[in-house]
Visitor: 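I'd like to ask some things about the structure below.
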Amino acid sequence: MLYLDHAATSPVRPEVLEAMRPYLTGVFGNPSSHHTAGEAAASALEDARMRVARLLGMRTGDVIFTSGGTEADNLAVKGIVLAGLERGRRHLITSPIEHESILESAAYLQRFHGVTVTLAPVDGTGRVSPAALTAALRDDTALVSIGHANNEIGTVQDATALGQVAKDAGVPLHLDAVQSAGWLPLAELGADAISIAGHKLGAPKGIGALAVRGRVPLEPLLHGGGQERGRRSGTENVAGAVGLATALELAEAERAARASQVGALTGRFIRGVLDAVPQAALTGDAEHRLPATASFTFAGTSGEAVLLELERRGVISSSGSACAAGSDEPSHVLLACGVPPEVAQTSVRFTFAREPLQGDAPERLAALVADAVAAVSGA
């Protein structure tokens with residue numbers, strides 16, 4: 001089987017597993033314990049924190065380890081906005097194409113804390129313009145939260161331009177970088193908060209991080225033992241933190257070469273599908289997109305039926321976000337981009353590994369997609 005759903009999750013890299021092994025066996029102490037075993041674990045945890053911080057352009061103390069991207073996004077959105085309520089800031093800006101962890105956090109704040117939420121509109125490719133963000137800002141805006149790269153269509157935002165708009169207004173910018181980490185540079189963006197998830201990078205599921213600059217007030221969501229400098233209570237996942245730091249370092253070391261190689265092969269695959277399937281339409285921005293993501297709609301078909309046909313041919317892909325799997329509703333991302341509901345339900349997403357395809361594999365894969373679409377449409 002050819003697994004092309006890496007935006008949902010990726011296998012653990014062998015190097016990451018080896019780096020984690022000592023902290024699952026011999027060095028198993030609780031990092032909050034004041035004895036030799038605990039101190040060894042605490043040292044490993046702080047080393048991992050320093051490594052993650054460096055790669056995100058943050059200070060060591062800015063990094064908070066979480067259970068994954070969803071918790072990191074919840075902590076960023078709820079934590080920063082809740083902290084802003086004391087200063088009279090009751091307004092949040094995000095976009096209509098965000099991951100559910102962002103949109104549901106926004107809905108919670110609106111429902112239970114009286115926060116006003118503005119969804120800055122996106123264009124047909126899923127990009128938020130600096131002008132749209134400027135128009136959405138208010139004197140009481142507490143946070144701008146934008147996905148650096150969309151998990152369904154792969155569109156990459158102009159984070160530098162959006163960050164400048166937010167900075168000029170004195171409003172912190174949170175970037176959900178769960179999909180972009182390891183593919184795009186993050187340290188140079190200057191965001192005030194960044195979310196990442198380990199299992200998109202080759203670390204295990206169950207570990208992530210939110211890096212939030214020390215000057216940004218943050219209300220904790222988990223209370224108890226005061227771990228993570230009081231911002232996220234709970235015994236830390238030391239092995240997971242080591243794995244996340246290792247995976248992020250590996251991805252960053254390979255990033256430029258992998259992005260170029262995989263992007264070129266993905267481009268060949270996209271052209272092959274568009275040439276071979278008359279009703280195929282690429283979703284997202286053709287230029288500003290993740291190197292490993294290709295998402296299409298196939299008008300007149302069923303996206304789920306195409307997925308089944310592809311799996312029969314040995315190709316595993318998806319219809320969009322794994323977090324929305326099982327929903328009968330069309331993708332909120334595609335609807336926000338202006339795709340009609342009946343067309344949005346035909347979407348299929350292919351997300352490639354960091355190891356590039358070889359030879360004529362992109363063209364052969366495109367032929368398999370054409371064959372699967374033809375089987376569904378009866379062509």
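Note that the numbering runs from 1 along the sequence shown for the chain.
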Visitor: Strictly below 4.0 Å, N to O, side chains only: are Lys167 and Asp192 in salt-bridge contact?
Guide: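 Looking at Lys167 and Asp192, the cut-off is not met.
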Visitor: With heavy-atom distances below 4.5 Å as the criterion, would you say the side chains of Asn237 and Phe65 are in contact?
Guide: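 When only atoms from C-beta onward are counted, Phe65 and Asn237 do not touch, as no gap falls below 4.5 Å.
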Visitor: Quick one: pull up CG in Leu222 and OG in Ser233 and give me the separation to the nearest 0.5 Å.
Guide: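 Reported to 0.5 Å precision, the distance equals 7.0 Å.
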Visitor: Distance-only, no hydrogens or angles: does the Arg49 side chain make a donor-acceptor pair with backbone N or O of Val63 under 3.5 Å?
Guide: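 Yes: the side chain of Arg49 pairs with the backbone of Val63.
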Visitor: Can you tell me how far the CE atom of Met50 sits from the CG atom of Leu55, to the nearest 0.5 Å?
Guide: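 These two atoms lie 10.0 Å from each other.
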Visitor: Do Asp285 and Val156 have side chains that approach each other closer than 4.5 Å (heavy atoms only, starting at C-beta)?
Guide: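 The answer is no, as the side chains (C-beta and beyond) never meet within the 4.5 Å cut-off.
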Visitor: Any Lys/Arg nitrogen of Arg229 or Glu46 sitting under 4.0 Å from an Asp/Glu carboxylate oxygen of the other?
Guide: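 Yes, this pair counts.
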Visitor: Do Phe298 and Val273 come close enough that some side-chain heavy atom pair is under 4.5 Å?
Guide: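 Phe298 reaches Val273 side chain to side chain.
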Visitor: Can you tell me how far apart CG (Asp176) and CG (Asn151) are? Round to the nearest 0.5 Å.
Guide: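 Here the rounded value is 8.0 Å.
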Visitor: Between Glu249 and Arg51, does any side-chain N to carboxylate O distance fall below 4.0 Å?
Guide: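 Salt bridge between Glu249 and Arg51, a charged N being under 4.0 Å from a carboxylate O: yes.
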Visitor: Would you call the rings of Phe112 and Tyr108 parallel, tilted or perpendicular if under 30° counts as parallel and over 60° as perpendicular?
Guide: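 The rings of Phe112 and Tyr108 sit tilted, inter-plane angle from 30° to 60°.
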Visitor: Are Ile80 and Val212 packed together at the side-chain level, in the sense that at least one heavy-atom pair is separated by less than 4.5 angstrom?
Guide: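 In short, these two side chains touch, coming nearer than 4.5 Å.
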Visitor: In the structure I gave you, are the side-chain heavy atoms of Phe296 and Val369 within less than 4.5 Å of one another anywhere?
Guide: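 Heavy-atom side-chain distance check fails, nothing below 4.5 Å.
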Visitor: Does the gap between the ring centers of Phe28 and Tyr23 come in under 6.0 Å?
Guide: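 No, the ring centres sit 6.0 Å or more apart.
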Visitor: Do Arg289 and Thr155 pass the side chain to side chain donor-acceptor pair (under 3.5 Å) test, and can you show the C-alpha distance, the side-chain angles, and the key distance before you say yes or no?
Guide: CA-CA 4 Å; Arg289 65 185 306 110; Thr155 293; 5.6 Å; no
Visitor: Can you check whether Ser32 reaches Thr235 side chain to side chain, under 4.5 Å on heavy atoms?
Guide: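 No - every pair of side-chain heavy atoms lies 4.5 Å or more apart.
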Visitor: Hey, are His199 and Thr9 close enough side-chain-wise for a donor-acceptor pair under 3.5 Å?
Guide: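 The answer is yes; a qualifying pair exists.
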Visitor: Locate the shortest heavy-atom distance separating Ala120 from Pro96; write the atom from each residue and the value.
Guide: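 Closest pair (atom of Ala120, atom of Pro96, distance): O-CD, 3.1 Å.
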Visitor: Mind jotting down which residue pairs meet the side-chain hydrogen bond (donor to acceptor under 3.5 Å, both in side chains) criterion with at least one end in residues 128-139? Sequence neighbours excluded, please.
Guide: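 Residue pairs passing side-chain hydrogen bond (donor to acceptor under 3.5 Å, both in side chains), neighbours aside: Arg138-Asp140.
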Visitor: Answer whether the closest heavy-atom distance between the side chains of Ser180 and Leu186 falls below 4.5 Å.
Guide: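 Yes; the side chains approach each other to less than 4.5 Å.
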Visitor: What distance separates Arg349 CZ from Ser331 OG, expressed to the nearest 0.5 Å?
Guide: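 Answer rounded to 0.5 Å: 10.0 Å.
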Visitor: Could you grab the distance from atom CG of Leu221 to atom CG of Leu75, nearest 0.5 Å is fine?
Guide: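 Leu221 atom CG to Leu75 atom CG measures 5.0 Å (nearest 0.5 Å).
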Visitor: With rounding to the nearest 0.5 angstrom, report the CG to CZ distance, Leu2 to Arg313.
Guide: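 Reported to 0.5 Å precision, the distance equals 14.5 Å.
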Visitor: With sequence neighbours excluded, give me every side-chain hydrogen bond (donor to acceptor under 3.5 Å, both in side chains) pair touching residues 290-301.
Guide: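 The answer is Thr283-Ser295.
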Visitor: Which pairs pass side-chain hydrogen bond (donor to acceptor under 3.5 Å, both in side chains) with one or both residues in residues 59-68, sequence neighbours excluded?
Guide: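 For residues 59-68: Ser67-Glu71.
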Visitor: Please determine whether a side-chain nitrogen of the Lys or Arg among Glu252 and Arg354 lies less than 4.0 Å from a carboxylate oxygen of the Asp or Glu.
Guide: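 Here Glu252 does not pair with Arg354 in a salt bridge, since their nearest N and O are not under 4.0 Å apart.
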Visitor: Between Arg268 and Glu363 (salt bridge meaning N to carboxylate O under 4.0 Å), is one present in this structure?
Guide: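 Salt bridge between Arg268 and Glu363, a charged N being under 4.0 Å from a carboxylate O: yes.
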